[in-house]
Asker: 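Following this message is one structure expressed as structure tokens.
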Amino acid sequence: MSIVVEQKEALDARIAPLLARAQALYEDLDLRAVQAWKSEDPSRRAIGFLPVYAPREVVHAAGALPVGIVGGGDQVEIVRGDSYFQSYICHLPRSVVELAVSGRLAPLDGFLFPSTCDVIRNLSGMFQILLPGKFVHYLDLPQNFDRRLGGEFYQHEMRTVAREVGKLTGIEVSDERLRASIVAWNANRAALRELRALRSERPWLVPTAEHYLVLRAGYLLPVEEHTRFVRDYLAAVRASARHPLDNIRVLVRGAFCEQPPVALLRTLERAGCYVVDDDFLQGAHLIPNDVREDGDPWEALSDAFLHGTVPTASIYDEKAEKGDALVRRVREQRVDGVILMAPSFCDPALLDQPMLQAALEKAKIPFTSFKYAEDTGQFQVIREQAGTFADAIKLWGSA
Amino acid sequence: MECLIGIDLGSTTTKAVVLDGEGRLVGRGITNSRSNYDVAAKVAKSEALINVRFEMLKRALREEARLGETLASFEASLLAGYRLECFLGSLRRLEAHCRRDLENARFEDDRPAMQEALQRIFAGVEASARRVFEPGSVARSDFFRDLAGSSYVELAAQVARAGGPSFDRLVGVYDRNIIPVENETETRSFEELLLEAFAHVPAPLRGDERAIERLLREVSTRNFEVVRTVGTGYGRVRLPFPKDCIRSEILCHGLGAHLMFPATRTVLDIGGQDTKAIQIDDQGVVTSFQMNDRCAAGCGRYLGYIADEMNIGLHELGPMAMQARRRVKINSTCTVFAGAEFRDRLAAGQSREDIVAGLHRAIILRAMSLLARSGGIANEFTFTGGVAKNPAAVRALREVAEENYGKLTLNIAPDSIYTGAIGAATFALRDVLAAARQS
Amino acid sequence: MTRTAGIDVGTGAIKVALMEGGRLAQSYLERLRRRDVHEVVEESFDAALRQAGWRRDELDYIATTGEGDQIPWRTGHFYGMTTHARGALFIDPSARGAVDIGALHTRAMRFDENGRVLQYQMTSQCASGSGQFLENIARYLGVSIEEIGSLSMQAAEPEKCSSICAVLAETDVINMVSRGISTPNILRGIHNSMAVRVAGLLRAIKTSGVLLLTGGLARDLGLAAAIAEKLKDGGVQVEVRQHELSVFAGAIGAALWGGFRHQKLASRGVEHGSAS
Amino acid sequence: MSTTFVNLSSAEERRAAANAIKDQSQERQKELIAGYFSSLAQAKANGKKVIYTFVPGNLTELIANFDLLPVLPEINALQNGMRGRTGDFIHLAEKGGHSEDVCTYVKADIGMLRSGNVGPTGEPLPKPDALLLSYTGCFTFLKWFELLRAEYDCPVIMLHTPYQGSGQITPAMREYVVKQLREVVIPKLEEISGKRYDEEKLKAALARSARAEEDLVGVLESAKCKPSPIDAYFGGVYYIGPIFTAFRGTQEAVDYYQLLRREVEERAAKKLGPVTPEGALEHERYRLVVEGPPNWTSFREFWKMFYGEGAVVVASSYTKVGGLYDRGFRHDASRPLESLADYCMGCYTNLSLPDRIDLLARYIEDYEADGFLINSVKSCNSFSSGQLLILRELERRTGRAGGFIESDLVDPRYFSAANIKNRLESYFQMIEAKRQRV
Ligand SMILES: Nc1ncnc2c1ncn2[C@@H]1O[C@H](COP(=O)(O)OP(=O)(O)O)[C@@H](O)[C@H]1O
Ligand SMILES: Nc1ncnc2c1ncn2[C@@H]1O[C@H](COP(=O)(O)OP(=O)(O)O)[C@@H](O)[C@H]1O
Ligand code: SF4
Ligand code: SF4
Ligand code: SF4
């Protein structure tokens, strides 16, 4: 393998416009894309959902556009958001509140707060106060995974969401409609699976930051459009002339809710790490495999949640398997090491870490860990940590 | 005369004001509180009282001395002479300390050279002081430490370049000895000082010398009765005052701002080492507040540190930032890291002006989050503390505030640095009035 | 014999090490003092070569570390902890841990007998307790950096000072002076507070055995003593050492790794000249 | 001499009387808690099985139904905090890879475990036979037991308690919880204890719970008197001790709360102020409502900052974490599992934010408070996240002075006495200034 050389490629003419679009969507904090979509038909409604996971199929089936709200990243100046949160609370809710009080969430007609952590939970109440009159719903995801117990409860929750969103759109969610939505999302899941497979196989074709931006576009675009977008991107990178660097393969865990700034992702790669698997925007791929398209669609969605999710910090680990699952994943993805990277002050992610570390230590898998915030602006420490990690593997591995 | 005193023992500067029985502001005094808090309080207070005497003196001169059109020049000259005398007094004490320091064993090898160097430096400092204290010239700072320090450092560099002892060694002597000097107070009485100052006044301005001397003596010895003193500020717990003579700096700042601008509802005070956001009602009563300290990021010292890094005066920083063309977002929170980022950005080709403006915006953004936490910004909005003297900080504040809270009246008073002290003195007055009502 | 160079681009100073066949041939240090980094790097590198009587084109590998990844003529770049660990091992073969106290950051690492970094930890975005911090304090006290260590060692009753802001330290220190606290006691107090942070990092990486202080502050005996004491109090079995070459650990490590890479690549017949 | 007949003329005498009154219930409370810890120490020797569980939503009566002993890790943590042991424990946990950022109860617990699992009283704590996760409103609890499960390798019984996101307990929520109780929790407890579930026994226990709850409410509401005979925060934590831990549903609890209520009513009748570590408070200057848990590592010092200024806490939300009774909820023998379900879902931190604000606003009015104060603890996102909005809303709605201080539960690093004192001082002066206006 060659010496570390920074890849200074002129962006491929096919990739460039796609990336430009994804970047524009990423920067679209005013939700102009949603406004545009809504303006095509005055009866259209859009529903925001917070991390980590919400059954977007249900919102879609009720005729509304599900829009992911994952904070303001490093793009918003926090002026009023800070006034709602003490310094020891993670950054995400303050930028979400900043977006809300500055009117940038106005294109949304309602909000879903899935049970993720205490901060998101309490944020649901704050929204009730800050945006009176808007539909704000706390979506309790089951922590009991028995179909008759947790399953029934969850189906009841989903039906409540369907009914409430349906009131806004005037559409009643029939089984037919819901099934159609499942089909649409299955198509999207298939495209994303393909993208992830390609990235794992040839990570130089799908840089982490690009992968992220492509995924992120799905938090704003209608699902059908996003699926096309992912397919276009896949075709473009497959045809590109990108070539490999002297980088190690890593897997990133812990970033399931608050999103790292894109510059941080680039930093990781520049420091010599190919991220071949991660949990950024976890909600977009929490259920990686297809949801059953036949039978009762409510049950199908519920089953998929109860038994088809990848382990994540905000879902109770009933079978004590997350450590093993991580180790298995490391082997499957043939990575050289793991980066445990959690948002500062994120209790779920940080409390998970000792358990994940123990599993990695036991399996003798190298790992490194650090914290970040969505608005982290200085990457020196992260660069050095990731770089040293990559150095150690490169110097001592087979490279 | 009966008077009331308010002392604001700030983290950087200590301010004192004197009110007369009617609540009129009749005197102000300021000093740096770096050293001993007791001394700082004492100095600020005596400065304020001296300020009162000067005001009295002016009135007396105007009414009695019959100096005609030379009156204004006479006053200016007398004041400058007074300042110079005080400065020279401190300078002599500093020199004595430095010379004593040279007896230390560490100067065994180069004592004569050091002695000679000090000789030259102190002569130079004195000469430049005489220029600085010309009537009408503007000083870089009000404080002995800053004035003497900057000219000492300049001269030390010259001496070192000319083959004298090393710069580090010379400056080391200064750094070690300035601290005790700051903790000492002037030994001469006001009367003595005033008479010496009078000696500096050029002959053509002096008028009827004997009459004026009598007047100077008379005003110098007039009696004041300080009825009550209330202390406040960062260092208030260290003041040797009974508990009921100490008020929280939050309340004092709130009240002080209210007195200067009765329609104020929100007050932002950015001092040297802490920042406060205060909401008050229509009587100046604090309804909520937030403050931060212990971290220089977001306080005045942040800008001071940057100015030091750039080797320029603090007062030059704001005007430089006013020249900015582009908006730069500073990534580092920590002051020291911001300093490093400043150098990185310069190296990357960004303009000094733009970066400095970015730094101003950064400190204002930190203040905004404090303001937001205290309840936002309500009209009218008053900005106090030392940083309110910085035009770029004021501009950034106005910009960000209006972007987020709409059009506002932003008040900045010339006396804004005394806000806390004015509040404290007013509390003293109110206490006295309340006690009078009771009995 | 293989000739390699290691250049450690720090925030406070540039360090250069020239190695020949695994021996240190030349070292060179230049403080930055607010000058343009690239210029100082060029100057220092040339100065080092001149002193050694070498030419640039005789070098088999030029390795950078620290902030050096921006240098266009480097062959390869290694990250700070990789190089400090290797350098520490070179300087003191019995060392299994190192602490690099730099101008802004402090790094602690644990490594094996081959210099392979096993675990590491670094301070984040607050300069309290950094080298810069200590430098500021010394300035306010009118003490030169070289004097700090020996003064601190004379302390009888170290002043307690916890987590002081690097910038506001000025006030705190002047306050201490005016309370009549002696310079040694102040310095040792500051050293102790720095040691708490270092000990925290070291605990996190579970180091034991011989620990070498690297970086600019390694020469500061007072700090070394404070760290040793803190660790002992915390029940950590560590022997804290320092060495006159400590400041060059990063540069030495980079040069050594460069040599290692050179051999590895040469053995595989890979051509490599400059990186670009 | 019976205190009732003392002519309370001098301050000296009043204080003596106050202390005499304090003694009985305080002694009793101490005995109860001490007895509880020694029963834990002897549990294994006595062949008793042990269930670890949490304070909010605890199922004490149900656990007792199977003759199991509950261990409450939060109580261990806070007791250790008061005894100054948690600093080292937290250190130890952080050394083991736990982040500085997370809830310190968890770290104090893990640290204690690593140091040999000796409880706050110096007696060893028994290992759990199972972990009963009966309140999931706090996500940290989930993680805490995942961590403990890895340490002890024992089963976790999981009861998912839905959050009152819309401000109420819906029938679907109740049904879900009851079903889990019946189909998961009870069978698992039967399995572990080898004993059958006895509903009659449960009903009797619930009836006793309700009686103690009634008296507790009486005690807490005595703070509506002026002066208040109790401090409903600092004193309050002692009062809630027995009922929030292992004693709900027992006769001991019924007796303790009767005794306590009688004492408090006597104090109220005599217009005595609350007991403080330095005797009865003479002059009530400020009446406050406090939101948020106290700091345990500097509990005394913290308390003194209040009583030293004549501030009395007349109502607090912290005394509702293990059950909110003053809006009428009581355990109910006629609907045993339903009332347990309502209890689990009804604890304070399971309320929606708007509901919490309503509750606090009502306290401020009902208890005629001069102001309210939030002690925001770094550990607890359940409590703390959103408190700044609570502050603002309360100020807006009640017009009273609001104050905000920050500390932590058991991490001594996050208690800055000077800072808190400074803030409190300004805060009290603010109330004073407001008063002078009126
Ligand atoms: N002329 C000036 N121009 C710009 N900034 C100034 C000027 N004078 C003072 N400052 C700023 O004000 C700060 C001191 O403010 P002050 O309100 O006196 O602080 P404190 O009350 O904390 O002692 C200094 O750190 C400095 O940043
Ligand atoms: N049951 C109670 N009711 C009211 N006040 C109490 C009660 N228990 C303790 N206190 C108060 O709290 C203080 C601290 O009590 P405790 O922690 O038991 O003290 P110690 O530190 O001696 O163990 C006591 O001095 C007392 O004033
Ligand atoms: S980052 Fe963590 S703590 Fe913050 S909202 Fe997301 S899950 Fe909750
Ligand atoms: S972050 Fe920087 S400015 Fe703030 S306390 Fe630390 S050293 Fe001081
Ligand atoms: S986060 Fe709060 S409720 Fe949860 S365990 Fe910690 S202190 Fe208890």
Side-chain angles (χ1 to χ4, degrees), chain A residues 82-90 93 97 113 115-126 128-130 136-140 142-144 146 148-150 152-153 156-157 160 313-318 320 322-323 342 344-355 357-358 369 371, chain D residues 93 96-103 106 110 133 136-140 142-144 146-147 149-150 156 158-167 172-173 175-176 179-180 183-184 349 351-357 376 378-389 392-393 404 406 408 414:
Chain A
D82 267 345
S83 68
Y84 295 87
F85 296 97
Q86 302 86 322
S87 55
Y88 48 75
I89 288 174
C90 63
V97 166
F113 291 80
S115 67
T116 301
C117 71
D118 302 335
V119 173
I120 301 275
R121 189 193 80 167
N122 290 4
L123 191 58
S124 72
M126 295 174 69
Q128 289 169 22
I129 295 166
L130 291 172
V136 172
H137 183 77
Y138 179 76
L139 173 72
D140 223 332
Q143 303 283 9
N144 172 301
D146 185 294
R148 287 190 36 261
L149 299 172
E152 239 169 62
F153 173 74
H156 183 273
E157 277 287 286
T160 308
S314 59
I315 299 178
Y316 174 58
D317 182 16
E318 190 182 26
K322 69 181 143 212
S344 295
F345 301 107
C346 174
D347 273 38
L350 291 167
L351 285 165
D352 246 18
Q353 274 194 4
M355 294 182 266
Q357 287 179 4
S369 57
K371 293 186 286 190
Chain D
H98 283 265
S99 167
E100 204 176 301
D101 295 354
V102 303
C103 174
V106 182
I110 300 275
L133 194 45
T136 54
C138 158
F139 280 76
T140 303
L142 288 179
K143 299 281 141 193
W144 194 341
E146 283 182 7
L147 287 158
R149 175 177 63 191
V156 180
M158 165 68 154
L159 174 69
H160 176 209
T161 30
Y163 175 59
Q164 294 194 32
S166 56
M173 286 157 71
E175 198 182 310
Y176 176 42
K179 249 161 87 183
Q180 291 180 81
E183 297 179 25
V184 180
T349 48
L351 303 184
S352 74
L353 216 70
D355 203 16
R356 275 168 70 183
I357 294 170
S376 181
K378 171 180 175 288
S379 271
C380 186
N381 287 347
S382 258
F383 252 113
S384 306
S385 185
Q387 273 174 334
L388 286 156
L389 181 62
R392 191 158 327 151
E393 282 294 299
F404 201 85
E406 297 182 10
D408 189 43
Y414 293 96

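Letters go in sequence order (proteins before strands), and every chain restarts at 1. Values below: every heavy atom of this structure, side chains too, minus hydrogens, waters and symmetry copies.
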Asker: Between P93(A) and chain D, with a heavy-atom cut-off of 4.5 Å, which part of the residue counts as in contact: side chain, backbone, both or neither?
Answerer: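 The answer is neither part of P93(A).
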
Asker: Any side-chain to backbone donor/acceptor pair from Q86(A) onto S376(D)? Under 3.5 Å, distance only.
Answerer: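 The answer is no, because no donor-acceptor pair under 3.5 Å joins these two groups.
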
Asker: For Q357(A), is it the side chain, the backbone, both or neither that has a heavy atom under 4.5 Å from a heavy atom of chain D?
Answerer: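 Contact with chain D involves the side chain of Q357(A) alone.
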
Asker: With a 4.5 angstrom heavy-atom cut-off, which part of L351(A) approaches chain D: side chain, backbone, both or neither?
Answerer: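 Backbone plus side chain of L351(A), per the 4.5 Å heavy-atom cut-off to chain D.
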
Asker: For the side chain of Q128(A) and the backbone of G165(D), is there at least one donor-acceptor N/O pair under 3.5 Å apart?
Answerer: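 Yes; judged by distance alone, with no hydrogens or angles, the pair exists.
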
Asker: Just so I understand: if I count every heavy-atom pair under 4.5 Å between each of E393(D), M173(D), K179(D) and chain A, which residue has the most?
Answerer: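 Ranked by contacts with chain A, first place is K179(D).
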
Asker: Output the distance between atom CG (D82(A)) and atom CG (L388(D)), rounded to the nearest 0.5 Å.
Answerer: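 Output value for this atom pair is 10.0 Å.
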
Asker: Using a strict 4.0 Å threshold on nitrogen-to-oxygen distance, state whether D101(D) and K371(A) make a salt bridge.
Answerer: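 Looking at K371(A) together with D101(D), the answer is yes, because their closest N to O distance falls below 4.0 Å.
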
Asker: Please classify the contact between I129(A) and chain D as side chain, backbone, both or neither, with a heavy-atom cut-off of under 4.5 Å.
Answerer: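 The side chain, not the backbone.
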
Asker: Taking every heavy-atom pair that is under 4.5 Å apart, which of S166(D), S99(D), S352(D) has the most such pairs with chain A?
Answerer: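 Top option by heavy-atom pairs under 4.5 Å: S99(D).
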
Asker: How about R121(A) and S382(D): do any of their side-chain heavy atoms sit closer than 4.5 Å?
Answerer: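 Sidechains of S382(D) and R121(A): in contact.
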
Asker: Using non-hydrogen atoms and a 4.5 Å limit, figure out which bit of T116(A) sits close to chain D: side chain, backbone, both or neither.
Answerer: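 Contact with chain D: backbone only.
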
Asker: Does any heavy atom of chain D fall under 4.5 Å from the side chain of L130(A), the backbone, both, or neither of them?
Answerer: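 Answer is side chain: those atoms of L130(A) sit under 4.5 Å from chain D.
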
Asker: Rounded to the nearest 0.5 Å, what separation is found between the CD atom of E175(D) and the CD atom of E152(A)?
Answerer: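 CD of E152(A) is found 7.5 Å from CD of E175(D).
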
Asker: Which region of E157(A), side chain (C-beta onward) or backbone (N, CA, C, O), has a non-hydrogen atom less than 4.5 Å from a non-hydrogen atom of chain D, or is it both or neither?
Answerer: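 Contact with chain D: none, neither part.
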
Asker: Taking T349(D), V184(D), L133(D), L159(D) one by one, which has the highest count of heavy-atom pairs under 4.5 Å against chain A?
Answerer: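 Maximum pair count with chain A is reached by T349(D).
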
Asker: Is chain A contacted by the side chain of Q164(D), its backbone, both, or neither, given a heavy-atom distance below 4.5 Å?
Answerer: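 No part of Q164(D) comes within 4.5 Å of chain A.
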
Asker: Please rank Q387(D), E100(D), H98(D) by heavy-atom pairs under 4.5 Å with chain A and give me the top one.
Answerer: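 Most pairs with chain A among the choices: H98(D).
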
Asker: Would you say K143(D) and D347(A) make side-chain contact, with heavy atoms under 4.5 Å?
Answerer: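 Sidechains of D347(A) and K143(D): no contact.
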
Asker: Tell me, do H160(D) and Y316(A) make a side-chain contact under 4.5 Å, heavy atoms counted?
Answerer: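 The answer is no; the side chains never approach within 4.5 Å.
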
Asker: Which atoms form the tightest heavy-atom contact between R149(D) and D317(A), and what is the distance?
Answerer: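 Looking at all heavy atoms of both residues, the closest pair is NH2-O, 2.8 Å.
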
Asker: Counting only heavy atoms closer than 4.5 Å, note whether A358(A) contacts chain D via side chain, backbone, both or neither.
Answerer: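 Neither the backbone nor the side chain of A358(A) comes within 4.5 Å of chain D.
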
Asker: Which atoms of D140(A) come close to chain D, meaning under 4.5 Å heavy atom to heavy atom: side chain ones, backbone ones, both, or neither?
Answerer: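 Contact with chain D involves the side chain of D140(A) alone.
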
Asker: If you compare all heavy atoms of G97(D) against all heavy atoms of P354(A), which two are closest, and at what distance to 0.1 Å?
Answerer: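 It is O-CG, 3.8 Å.
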
Asker: Let me confirm one number: the CG-SG distance from L142(D) to C117(A), rounded to the nearest 0.5 Å.
Answerer: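 The CG atom of L142(D) sits 11.5 Å away from the SG atom of C117(A).
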
Asker: Within the 4.5 Å heavy-atom criterion, are N122(A) and R356(D) side-chain neighbours or not?
Answerer: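 Counting from C-beta outward, N122(A) and R356(D) do come under 4.5 Å.
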
Asker: Should the ring pair Y163(D) and Y138(A) be called parallel, tilted or perpendicular, given that the plane angle runs from 0 to 90° and is split at 30 and 60?
Answerer: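 Plane angle over 60°, so perpendicular.
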
Asker: Got E406(D) and Y88(A) here, is their nearest side-chain heavy-atom distance under 4.5 Å?
Answerer: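 Heavy-atom side-chain distance check passes, below 4.5 Å.
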
Asker: Does any heavy atom of chain D fall under 4.5 Å from the side chain of I120(A), the backbone, both, or neither of them?
Answerer: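 Neither part.
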
Asker: Quick one: pull up CG in L353(D) and OG in S124(A) and give me the separation to the nearest 0.5 Å.
Answerer: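 One finds 8.0 Å between CG of L353(D) and OG of S124(A).
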
Asker: Does S385(D) reach the side chain of F85(A), with side-chain heavy atoms less than 4.5 Å apart?
Answerer: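 In short, these two side chains touch, coming nearer than 4.5 Å.
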
Asker: Between T136(D) and Q143(A), do the side chains contain an N or O donor and an N or O acceptor separated by less than 3.5 Å?
Answerer: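 The criterion, which ignores hydrogens and geometry beyond distance, is not satisfied for Q143(A) and T136(D).
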
Asker: Among C380(D), A93(D), G137(D), which has the most heavy-atom pairs under 4.5 Å with chain A?
Answerer: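 Ranked by contacts with chain A, first place is G137(D).
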
Asker: Give, as side chain, backbone, both or neither, the part of Y414(D) having an atom under 4.5 angstrom from any heavy atom of chain A.
Answerer: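 Neither the backbone nor the side chain of Y414(D) comes within 4.5 Å of chain A.
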
Asker: Tell me, side chain or backbone of I357(D) under 4.5 Å from chain A's heavy atoms, or both, or neither?
Answerer: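 The answer is the side chain of I357(D).
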
